[in-house]
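Small disclaimer: the values here were computed from a predicted structure and weren't measured.
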Amino acid sequence: MLLAAVMLSTATFAQLSKNPYKFLGNITTSYNVDVGGGVPQFYKLWNQITCENESKWSSVEGTRGSFNWGGADRAFNYAIQHDFTYKFHALVWGAQYPGWLDNLPAGERFAAMTNWFNHAKEHFDELPMIDVVNEAIGNHQAGNPMIKETLGGGGKTGYDWLIKAFEMAYERWPDAILIYNDYNSIRWDLDNYIDLVRTLRDAGAPIDAYGNQSHDVDDISEDELKRNLKKQQDNLQMPMFITELDINKASDAEQKAQYQKVLPNMWEAPYCAGVTLWGYILGSTWVANSGLYRNGAERPAMTWIKEYMETDAAKNAVGPFPGTKKEASIYIRPAALKVALNDVLPIKVRARMATKSIEKIDLYVDNELFTTMTSEPYIAEYTATSNGTKTLKAVVTTTDGTTYERYSRFQVTRGTKRKPYNDVVPQLPGTIKIEEYDEGMSGVTYKDATRSTTTSTKDGQWMEYTVDVAEEGLYTMELEVASTSNSGMFHLSEYGFDNLTFFTNITQVPNTGGSSQFTKLRCAMTEPLTAGRHVLCLNIDKGGFYVKSMTFKASPTVDVPGTLEIEDYANSSAGVSIVPGNGGSVLSNGTTGDWVDYIINVNEESNKYMYEATVSSDVDNSAFKMVLVEDDGNERSLTTVSIPNTGSLDTYQVKEGKIRNKIYAGQQKLRIYITSGHCNIDKIEFKVEGGTGITEVTGGDVATGDAYNLSGQKVAEGYKGIVIRNGRKMMMK
């Protein structure tokens, strides 16, 4: 693992760029930095480096769980050694992702994606610049639909999957310049590109700049280039990078002439933060004739680039990121991108400075000052009194007098104002009828939804529900569904001011046997709900199934040491059946591949755990295994339990054994996998060899004061198990 690196700068000016506001960079060549053969060393030419392939997910984690950072490290350390900047390329791309990702269901793909982000953060604690998402317009890449599904689909904005990717990146690298990067953005897909980036900006995603690859400018005229760059900037009003510039011309004269047209117009734009050329060795770039060195000698275009970078125009051009550092993180997040006339729209300015302090934030609507805010949270409520597109501008003033700007937009249209269904706010825990989503306009409180349970869901459908949560904690959601196939998928989310939160994994709907045969599908909520008001969104990732209701319950937890009753599960694979049996409830006739999740509170850390599993089977060789599932989706094996043939599924025996690995204290997710089917499971008791060492407490010590479980969540008086009360660990019976 690399130690955290300082934010890199262009302070030494040993390279072609003498400009403190922007860099002239390049990429690695066939996994090397310096290429030899008479070509000057990289640092004598360029002052920014991007890995051509070495930091892409497919290159780093080609085998699941095995990470190879060697090539990325070479480039990153070279940049540190020579005091210039490095760009991570790229976190999300529908072209170069690991092949094993295709074989996972959507929920597991999201866990794998999260794991990839986490390992990148663990390895590169600080990064100056990141291409967060690469080439996501339409079907530019064959893998885009699958990656889109992995990250939660289009959702409310049409681009929620990209918003989620940027939120995940910002959570890990808040001081990095976060970039959306695409090709054909200057010419053939100009309007789609603008729509995508502007939607991310307007929705308040933490995107800091847009990247034009510029592979499409081989024959662009100077007038078209100027016109299209201006159209981008007029619409986006954000910093811009030229990220992958090359001129693929066999003719030396034509290549030089084209560079003379495009480079000054890009470089000298005040919103341009830097230019990265995509290769410079003829025969070693992705296209045949873009190289700037032939057999170690400069082509005329390279000679001209060196001359141009010595001009006053190149040296003095201003840019948005002095020293290639991001000082201000400013994002305007309206509660919705569309609001009914005369309704109230809450708006938050998410503002964070790297080294300075904020004095005030002026928020403008259509260039008129709406409010001035001087303390967090920077939230204002705007009443929409006229129709049309409204432009928001936040001007952040720091205590040293410096100002920073950010733009956004929203739409005002005639329609029903937003409110809870029938003015009644459901209370959680509790049940919500699926048709009782918030009243309001399409695109504001719902999309493609009807207030009927006899209409099947549609791909991309969503509904929002205003709720009040009584007590903070982890919850489970039971969705009452019916389906004639196994293709449906959904997830629960919330569009908060500071994040797009997924409360459940992307969950598959099982075939229930008919469109009117409803069953309750239990889903563990992966994030706790805070007490108070929430607006929850049910996202239909793939439709075709039917829904009646959502029921929210406090997630059952199991104390370890203690007994796990099989019915106290938080989540399960499709098709798992929990039925009455053996005087209680049992997992019935588990089949190979079934799994069930439990939230366990481990009260004693030990490598001497034992289990007693009450089980039955009517065949030989039935078995299940127990694993702990970590936050990043990785699993840590505990043991495999072989189930004897008890003669009948109704005849139970207790199977004893040892847990192979240490179980650590704290709240964890335990998963039981059926590895060989035809078995029932009733309960599993976990013991520590030699006793727990926990003293039970009774009497007055237990009777007073709030009690909290070992996860820090407040529990009711009827709770049974280990708690903390008045700073002491004790047993509530």
Side-chain angles (χ1 to χ4, degrees), residues 152-153 155-156 160 335-340 342-346 415-471 473 475-483 488-496 500-504 506-507 509 512 515-525 527 529-555:
K156 288 182 65 176
D160 280 11
L337 295 181
K338 183 179 177 183
V339 64
N342 297 317
D343 207 351
V344 176
L345 179 69
T416 304
K417 294 164 66 173
R418 179 181 199 125
K419 66 176 184 176
Y421 182 75
N422 282 344
D423 290 315
V424 176
V425 179
Q427 305 294 301
L428 302 187
T431 297
I432 304 172
K433 293 180 179 179
I434 209 68
E435 68 271 21
E436 295 182 353
Y437 52 86
D438 287 356
E439 297 176 22
M441 297 187 298
S442 174
V444 177
T445 64
Y446 70 95
K447 177 188 175 185
D448 288 338
T450 65
R451 299 195 186 275
S452 168
T453 59
T454 60
T455 302
S456 67
T457 53
K458 300 179 178 64
D459 293 358
Q461 176 181 338
W462 55 267
M463 300 84 76
E464 285 194 329
Y465 303 83
T466 299
V467 301
D468 280 334
V469 177
E471 186 172 303
Y475 287 78
T476 58
M477 178 181 75
E478 292 182 349
L479 197 68
E480 192 175 7
V481 296
S483 180
M489 293 191 302
F490 67 90
H491 70 280
L492 187 74
S493 67
E494 182 174 29
Y495 296 77
L500 169 53
T501 301
F502 287 1
F503 280 115
T504 68
I506 299 166
T507 303
V509 177
T512 64
S515 59
S516 61
Q517 299 198 10
F518 284 84
T519 187
K520 289 188 176 180
L521 182 61
R522 186 180 295 185
C523 308
M525 295 181 68
E527 299 286 338
L529 276 171
T530 58
R533 183 65 52 91
H534 289 266
V535 179
L536 301 179
C537 184
L538 182 64
N539 297 267
I540 309 300
D541 303 298
K542 284 189 177 179
F545 59 96
Y546 300 81
V547 188
K548 274 189 178 180
S549 66
M550 296 183 289
T551 298
F552 294 85
K553 301 177 180 178
S555 291

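Side-chain contact check for C523 versus F490: some heavy-atom pair is nearer than 4.5 Å. The shortest side-chain heavy-atom distance between I434 and L538 falls under the 4.5 Å cut-off. By the 4.5 Å heavy-atom criterion applied to side chains, V469 and Y475 are counted as neighbours.
Proximity of a side-chain donor or acceptor of Q427 to a complementary backbone N or O of V425 within less than 3.5 Å is detected. With R451 contributing its side chain and E435 its backbone, the two residues share a donor-acceptor pair below 3.5 Å. Under the 3.5 Å distance criterion, the side-chain polar atoms of E439 are matched with a main-chain donor or acceptor of N422. Although no hydrogens or angles enter the test, the distance criterion places a donor-acceptor pair under 3.5 Å between the side chain of T457 and the main chain of G544. In this structure a side-chain-to-backbone donor-acceptor pair under 3.5 Å is missing from E494 to L536.
Summarising the geometry, atom CE belonging to M477 is positioned 5.0 Å from atom OG1 belonging to T504; distances are rounded to the nearest 0.5 Å. Residue E478 holds its CD atom at 12.5 Å from CE of M550, rounded to the nearest 0.5 Å. How far NZ of K338 is from OG1 of T445: 10.0 Å, rounded to the nearest 0.5 Å. The line from OG1 of T512 to CD of Q517 is 6.0 Å long, rounded to the nearest 0.5 Å. Distance check: M489 CE to F545 CZ gives 9.5 Å after rounding to the nearest 0.5 Å. With values rounded to the nearest 0.5 angstrom, M463 atom CE is found 11.0 Å from I432 atom CD1.
Classification of the F503-H534 ring pair by plane angle, with boundaries at 30° and 60°, yields perpendicular.
Minimum interatomic distance between G152 and H491 (heavy atoms only, all atoms of both residues): O-CE1, 3.2 Å. Pairing each heavy atom of A482 with each of S516, the nearest pair is CB-N, 4.3 Å. The two atoms that bring F518 and T453 nearest to each other are CZ-O, 4.4 Å, heavy atoms only. Nearest approach of G155 to D160, heavy atoms of both residues: CA-OD2, 3.2 Å. Between S493 and F502, the shortest heavy-atom distance links the atoms CB-CD1, 4.1 Å. Between A524 and T476, the shortest heavy-atom distance links the atoms CA-CG2, 4.2 Å.
Side-chain contact annotation: E480 with S549, donor-acceptor N/O pair under 3.5 Å present.
Judged as a side chain to side chain donor-acceptor pair (under 3.5 Å), the pairs with a partner in residues 458-470 (not counting sequence neighbours) are, in order, K156-E464, R418-E464, D438-T466, D468-R533.
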